[in-house]
Each structure stands twice: as structure tokens, then as C-alpha cells.
Amino acid sequence: MSTPKKLPFHLTNTLSRKKEEFTPLNPPHVGLYVCGPTVYSDVHLGNVRSFTTFDVLYRWLSHIGYTVRYVRNITDVGHLVDDVDAGEDKIAKRARLEQLEPMEIVQKYTNGFHDVMRLFNVRNPSIEPTATAHLIEQIGMVQRIIDNGYAYVVNGSVYFDVPKFAAKHNYGELSGRRIDELLTNTRDTEGMDEKRSPLDFAIWKKAEAGHLMHWPSPWGEGFPGWHLECSVMSTKYLGMTFDIHGGGMDLKFPHHECEIAQSVAADGQAPVRYWMHGNMLTVNGRKMAKSEGNGFTPEELVTGNHKLLERGYSAMTVRFFMLQSHYASTLDFSNAALQAAEKGLEKMMAAVVTLAALKGGDGPASAEVAALEQACYDAMNDDLNTPIMIAHLFDGVRMINSANDGKLALSREDIARLNGLFNAMLFDVLGMRKEEEARGDDGALEGVMRLIIEMRSEAKATRNFALSDRIRDQLAAVGISIKDSKEGSTWDRK
RNA sequence: GGUCACGUGGCCGAGGGGCUAGGCACAGCUCUGCAAAAGCUGCUACAGCGGUUCGAGUCCGCUCGUGACCUCCA
């Protein structure tokens, strides 16, 4: 029996803007770093899309045989906000509003983030480092950058010297910016008067009076700059140069560009071989963002308690909806699209149940099933093309249902392979979860339903359709649907 | 203002020089006590205008429209 070809994997590298064959630095190991959340507020659905994208990447790399060390950080230091709140740390700001310790805020939203990840069946990373636990390393990196002449100290703050760096290195290669263009388009930002060039960015910032989160450093009390933590934590756990760095499109510039500059300036090595950027979730064509105020929380999503939501949707419906578009495309949120995804997912899940009960005939594996397997691998290996892979799975759904209707002959071998394929692709790779599992049903309902179905079948046998229809209607009213077939009746929660 | 994307059928959304995407919705048929489910069939589109080509939704140019980044943001 043929087995599908599982390699090679191709992904779009933002550095080259092209699809490239992926080859790890030290196979079979893969180092993967993804920018995690800033824990000063609830994560919204746009954040979930990004983490889901990289969750699927992690799952896929593991599935095709790589040993992945997946590092996803927690940003708990807080970054400078705009000039309205000049100098005030985001986390400190919220802490004052809510009269909590900064680390209490951090803990609260970290817990919330983890709850959301669990709800959407996003796997835990191998390492989840926090910025506050890596202050020593961050100070060390600042010092190395200063020692190498790419940063200067002004009044207790340390700034990265972008023009000096750009003179020798390719600053802007990731985001496609050019120094001279950037210079004509800068706006006033914090610390402008201290910077030699408006393009320079802080890698260590002096703590002003009242600033709650600060640490001692060779340059005085302060806190680390915007982009430093990712540079430090990625290379600490994955090496000076590692395989894949992921994040949202909106982080490409300046965040990731600065990460590259910092690593090169400090250690002389480009940190990342493949950069991968996920696109934005939009609402009515506009990016979902904290600053836009158009996001909803998972609670609002599930309950439907939000003005943009006609009703609630399960986390798995939303996950499936997201995976039906490519990660590099924008995806527009809408109730109609969510409802279509919900129906599609129900159909696919029903087919999985049908498949488990199918009895195949004798005979060899069919070419169709083998082709389907290969098509799924090819789709995923082509830059993680989940929508195509899902389209192939729906072809499998049709095969399963046709076989169940007696219109297609499948061998035991075919059925075993389809079972394996759906388990691998739908559950392991796409990370779908059966809703009953998510709900945590025990066996009691199953037993009760078996009894009710048996009694209803007796009513039908005596042509007491008034009773059998009443049972079906009443069950429907409490969210349980009954479906009759030649072999008997099945039930499902809806 | 600068840079970069995108515009696909009733809706969502892939593809990316010749080959059925898929899902949802809708209509008809089959099955069925009725329903639901399922299967089959139908609806077959690529913003507009030019160009390249034997052939363009796919490449090039222009126009219009939308968005992202340039500032914390997945």
C-alpha cells in the first residue's frame, strides 16, 4: 500500500516575499518563535486568528515528522503608549485605573489568555517565557549593542542608532522600507528630543517618576524597549539563528524589523531564516484591533451578546471559519459566513460519525482514497493551505456519505485509511474538537436517549406517528435532533 | 503624502496563462409514514478599460474602489 509523500514543506518567507522550500537548520529539530500577547487587556478574535494560524503550523510541522521547539512569549512589561499618555506604561496605566498591582493585571490577563487558548483548542507552546523574567538578558543585549557602537545613552535612556546601522546593514529588508523614505514620513514620538535621528528607537527607557514597572540597570532605573524582549527570548531558547519567526502582519514594521537590527547589532547574526506573517481579521472591512474598539471577546462570541453578533457561535465553529481562508489573506468577519462555516462543520463531523460505523467490503484500497490522502498533504505543504485541504476533506465527506447510501463501494482498507486521514487532518492538524468533548457530557444522556429512541421506534412500528412525531418535536424544542434511517434512528445535540 | 496588498458567482472563500475548487444559500429529483439527513442535477463568476499571447480570472499598463503599514496593536 502506498503512503502519502509528506515532504517537503513550502512556506512564504516574508524576507524574500516568495514561497520557499523549508529546510530546518538542524533537522529534525525546528525552532519556532511567535510573538505572544501583551497582557494588559482581554485578547480578541483577531488575536485568536493569529495564534490559531501558528498553532496549525506547529501541529503541521510536528505531524510531518519534525521535533519542534515552539516558543511563544508573554509580554508583561508593557510598552509606551502614544503621546497623549507620554511616558506612561500601558500596564501601569491600567493598574492605576483598576487599583491593582501591575503584576496582578499581568496575571489576570495571562490567565484569561490561557483560558481562551484552551477554548479554541490552541496547543501550549514548548516554552512560554515572560519579559519580566528576562531582564538580565535584556540588559545584557543592550550592553552588547552599545559595545558594538550601535546604540547611545542619553539621560538614562538607550537608543538604537538606526542610520549608523543602516550604513552597514540592510535595515528595512523585511518590511521593504527605505531609510530615506522613512525619514520623510516620521512623526513625533516619545523621546524625540533625545534621539539623534527620528528613526532611532529606545532599547532601554528611563523610568519617569510614578512609573510603576522599572528595574535597575547600568543606565539607571528604567525598563526595556519595545522590541527587545523578543530578540532576547527567541535567541536565548532557539539559538542565535533559528528557523521560523511568526507574528501578525502589523508587527512586520517596526517590531520585526527592529528585532533583526538588534540581533545583528548585538551578535552579528541575522536571527531568523523564515519570517511568516499572518493577515488580519477584519470587521466590515476594517482591521479588528484594540484601538478600533471593534473586537469581541470569546465570551461575547459564545453567548452572542454583542451588537455585531446575531447569535452565539461555538469556538470550534469560529476556528473552522478561520481555517477556511488562507492565513495570508485578510478574513472578513460576518454572521452569514460564520453560519455557513457552522453548517459545513456539522456536516463534516456527522460524516466522521458515519465513517466510524461503516463496514467495508473485501478488496484493495481504491486509488481515490490514496489520491485524497496525497492531496491533503500537498495542500498543507503548499504554504499551509488549509482551505484547500478542507475542500479535499469535503470530497472525503461525499465519499463517506455515498458509501453509507450504498452508492459507492469502499473496502475495509479504504475505510481504515479514511479514518486515519480524518483523525490526522481534522483533529490533529486543524485542531478541531468534537463539541461533546468540549461540553464534557457524561454517559447518562446517552443512556436516556437510547431508551427514548427505542420507545419511539416501537411507536413507529405500530404506526403511532402522532406519538413518534411528538417525541421528535419535543426533543427538537430542547435542542436534540432525531434523524431516522433504514438502520434506525440517531440523535444529536444542536 | 510614502510604501504595499486586494477587488472572484446570491454570500463566504481557494486558485493564479489552456484543466470541476470547496462550503453556505437556492431550485428540481431520489430515498422516506412525515420530517431531517444524505445522494444526484442545475445555477458556472473573476471591478472597468486597454495591451501581451494561439489562448488571460491568472501576465503588463491605466482607471475606479477598498484596506494595511508608516504610531502600541496578532
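Residue numbering restarts at 1 for every chain, and letters A, B, ... go by the order of the sequence lines.
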Is the distance between the ring centroids of [X] and [Y] under 6.0 Å?
| X | Y | answer |
| --- | --- | --- |
| A:Phe51 | A:Phe120 | no |
| A:Tyr377 | A:His392 | no |
| A:His245 | A:Tyr274 | no |
| A:Phe160 | A:Phe165 | yes |
| A:Trp226 | A:His255 | no |

Just compare [options] and give me whichever is closest to any side-chain atom of [X].
| X | options | value |
| --- | --- | --- |
| A:Arg286 | B:C73, B:A14, B:A68 | B:A68 |
| A:Ser325 | B:A36, B:C72, B:A14 | B:A14 |
| A:Ala391 | B:C11, B:G33, B:A21 | B:A21 |
| A:Ala340 | B:C12, B:G23, B:G33 | B:G23 |
| A:Phe253 | B:C69, B:G13, B:G39 | B:C69 |
| A:Arg456 | B:G33, B:C12, B:A35 | B:G33 |
| A:Glu181 | B:A14, B:G39, B:U3 | B:U3 |
| A:Arg177 | B:C70, B:A35, B:C40 | B:C70 |

Distance-only donor-acceptor test, [X] side-chain atoms vs [N] base atoms, 3.5 Å:
| X | N | answer |
| --- | --- | --- |
| A:Arg472 | B:C34 | yes |
| A:Asp484 | B:C34 | yes |
| A:Asp469 | B:G33 | yes |
| A:Arg398 | B:A38 | no |

Regarding [X], tell me which of base, sugar-phosphate or nothing describes its non-hydrogen contacts under 4.0 Å with the strands shown.
| X | value |
| --- | --- |
| A:Leu281 | base |
| A:Phe394 | sugar-phosphate |
| A:Leu331 | sugar-phosphate |
| A:Met288 | base |
| A:Met280 | base |
| A:Ala337 | sugar-phosphate |
| A:Asn279 | base |
| A:Gly278 | nothing |

Expressed in whole Å, how much space separates the [atom1] atoms belonging to [N] and [M]?
| N | M | atom1 | value |
| --- | --- | --- | --- |
| B:G28 | B:A35 | P | 13 Å |
| B:A27 | B:C49 | P | 33 Å |
| B:U44 | B:G57 | C1' | 13 Å |
| B:G16 | B:C59 | C1' | 10 Å |
| B:A25 | B:A36 | P | 12 Å |
| B:G1 | B:U20 | C1' | 46 Å |
| B:C73 | B:G15 | P | 29 Å |
| B:G9 | B:G48 | P | 10 Å |

Paired with [N] by Watson-Crick or G-U wobble geometry, both distances under 3.5 Å: which nucleotide is it?
| N | answer |
| --- | --- |
| B:G18 | B:C54 |
| B:C26 | B:G42 |
| B:C73 | none |
| B:U3 | B:A68 |
| B:C31 | none |

(request) Select from A:Gln324 and A:Leu251 the residue whose nearest nucleotide in RNA chain B is closer to the 5' end of that strand. (result) A:Gln324
(request) Take A:His44 and A:Asn284, find for each the nucleotide of RNA chain B with the closest heavy atom, and name the residue whose nucleotide sits nearer the 5' end. (result)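 The answer here is A:Asn284.
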Looking only at side-chain N and O atoms, does [X] come under 4.0 Å of OP1 or OP2 in [N]?
| X | N | result |
| --- | --- | --- |
| A:Lys290 | B:A74 | yes |
| A:Thr38 | B:A74 | yes |
| A:Lys347 | B:C24 | yes |
| A:Lys407 | B:A38 | no |
| A:Asn385 | B:A14 | no |
| A:Ser329 | B:A14 | yes |
| A:Asn401 | B:A38 | no |

Integer-rounded Å distance: [N] [atom2] and [X] [atom1]:
| X | N | atom1 | atom2 | value |
| --- | --- | --- | --- | --- |
| A:Glu342 | B:G23 | CD | P | 17 Å |
| A:Lys287 | B:A74 | NZ | P | 8 Å |
| A:Leu182 | B:C69 | CG | C1' | 11 Å |
| A:Phe320 | B:A14 | CZ | P | 13 Å |
| A:Asp405 | B:U41 | CG | P | 14 Å |
| A:Ile388 | B:C12 | CD1 | P | 18 Å |
| A:Lys252 | B:G67 | NZ | P | 19 Å |
| A:Leu393 | B:A14 | CG | C1' | 14 Å |

(request) Using a 4.5 Å cut-off on heavy atoms from C-beta on, say whether the side chain of A:Leu393 contacts that of A:Met425. (result) yes
(message) Over 60° means perpendicular and under 30° means parallel, so tell me whether A:Tyr58 and A:Tyr70 are parallel, tilted or perpendicular.
(response) tilted
(request) Without swapping roles, check the side chain of A:Asp76 against the backbone of A:Met103 for a donor-acceptor pair under 3.5 Å. (result) no
(message) So does A:Tyr171 get a backbone contact from the side chain of A:His169, meaning a donor-acceptor N/O pair under 3.5 Å?
(response) no
(request) Identify the residue among A:Val429, A:Leu421, A:Asn381 that makes a side chain to side chain contact (heavy atoms under 4.5 Å, CB included) with A:Cys376. (result)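 With A:Cys376 as partner, A:Val429, A:Leu421, A:Asn381 yield a single side chain to side chain contact (heavy atoms under 4.5 Å, CB included), made by A:Leu421.
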